[in-house]
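Note sheet for the following structure.
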Amino acid sequence: MLKETIQKMLNQQLNAELYSSYEYLAMSAYFESENLSGFSNWMGIQSREEYGHAMKFYNYLLEARGTINFSQIDAPKVGWKSVEGVFQDTFKHEQKVTESIYKLVDQAITEKDHATNIFLQWFVTEQVEEESNAMKILDRIKLIGDNKSGLLLLDHELGRRAAAK
Ligand SMILES: [Fe+2]
Ligand SMILES: [Fe+2]
């Protein structure tokens, strides 16, 4: 049986993952409007992956006989000025997600909720990957600088990203 605090935090994380999905979808739209279809593809897949994360929390809450509390999903902040700006936001966002996952783990440990702690370990590992992916692309963008053909090459590469099975 889930304790009150951890249940509340799991619900907040469900909302945060849905927000992530929404934000990446907004980024996908931004790239499409800039004719960077490869970047747009990458973000579209990222958005669906985040929806998958939300569903993991949803399923866990149900399985643990918890209560699902749906709350309002904030609108993503749009108005990016550059490709680099988008990936700076992506990296910052993933760092924030990591922080909230860590807080969840801390709470699970405090409550001696071993099942939730184990459930959360997948997300701890996933966040290492998420931060690393965002950082790698951000570094590439910085390296490319004002070189348009470099940007198109990266766009082509990101266009090949396929959804994880
Ligand atoms: Fe996520
Ligand atoms: Fe991922």
Side-chain angles (χ1 to χ4, degrees), residues 2 5-32 36-64 66-78 80 83-109 113 115-142 154-165:
L2 291 167
T5 307
I6 199 79
Q7 177 168 281
K8 196 172 150 220
M9 289 171 79
L10 288 165
N11 270 292
Q12 282 167 348
Q13 195 60 36
L14 165 60
N15 182 278
E17 299 291 346
L18 287 172
Y19 173 79
S20 294
S21 176
Y22 210 11
E23 173 155 281
Y24 290 134
L25 192 61
M27 287 171 171
S28 180
Y30 165 78
F31 284 129
E32 201 53 61
L36 291 166
S37 302
F39 278 93
S40 179
N41 169 67
W42 194 92
M43 281 298 177
I45 287 169
Q46 192 61 25
S47 172
R48 290 191 285 282
E49 192 179 297
E50 295 302 339
Y51 178 76
H53 294 172
M55 290 310 287
K56 279 185 194 279
F57 282 96
Y58 170 87
N59 286 323
Y60 181 72
L61 273 158
L62 285 180
E63 223 169 58
T67 307
I68 310 263
N69 288 308
F70 289 110
S71 48
Q72 188 171 332
I73 304 162
D74 291 336
K77 288 169 227 79
V78 293
W80 294 283
V83 172
E84 187 178 330
V86 178
F87 274 89
Q88 262 160 0
D89 281 2
T90 300
F91 183 63
K92 270 188 261 162
H93 178 70
E94 288 304 334
Q95 282 182 311
K96 265 180 33 203
V97 174
T98 302
E99 244 174 72
S100 62
I101 297 287
Y102 281 17
K103 278 191 190 136
L104 264 163
V105 173
D106 288 344
Q107 186 61 30
I109 291 168
D113 184 343
T116 301
N117 186 17
I118 289 171
F119 163 72
L120 291 167
Q121 297 312 302
W122 183 89
F123 287 92
V124 171
T125 312
E126 169 67 9
Q127 281 312 115
V128 177
E129 185 201 74
E130 297 288 44
E131 283 191 33
S132 158
N133 286 346
M135 188 47 115
K136 254 189 242 165
I137 297 173
L138 185 56
D139 283 347
R140 293 275 300 280
I141 292 165
K142 284 182 186 160
L154 182 57
D155 185 61
H156 182 75
E157 188 184 318
L158 298 183
R160 289 203 308 257
R161 180 182 184 185
K165 301 237 163 54

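Both counts, for ligands and for their atoms, begin at 1 and track the order of listing. Here, residue 1 is the first one in the sequence, and each next residue gets the next number. Everything numeric here is computed off the predicted structure, so don't read it as measured data.
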Worksheet entry | K136 atom NZ, over 12 foreign heavy atoms within 6.0 Å | no

Worksheet entry | Atom of E49 closest to the Fe ion (ligand 2), considering N, O or S atoms | OE2

Practice prompt. Verify the distance test for E126 against the Fe ion (ligand 1): any N/O/S atom under 2.8 Å, yes or no.
Written response: no

Discussion item. So which atom in A108 and which in I6 form the shortest heavy-atom distance, rounded to 0.1 Å?
Written reply: N-CD1, 3.6 Å

Worksheet item: For Q72, does the CD atom sit with more than 12 other heavy atoms under 6.0 Å from it, leaving out its own atoms?
Response: no

Discussion item. Can you tell me which N/O/S atom of E129 has the shortest distance to the Fe ion (ligand 2)?
Written reply: OE1

Item to complete: Would you sort out whether F119 and F57 count as a ring-ring contact (aromatic ring centres under 6.0 Å, His included), showing the intermediate values?
Response: CA-CA 9 Å; F119 163 72; F57 282 96; 5.3 Å; yes

Practice prompt. Take Y60 and W122, measure what ring-ring contact (aromatic ring centres under 6.0 Å, His included) needs, and give me the verdict at the end.
Written response: CA-CA 12 Å; Y60 181 72; W122 183 89; over 10 Å; no

Fill in: N/O/S atom name from H53 that is nearest to the position of the Fe ion (ligand 1)
ND1

Practice prompt. Taking the Fe ion (ligand 1) as the vertex, measure the angle between atom OE1 in E17 and atom OE1 in E50; round to 10°.
Written response: 80°

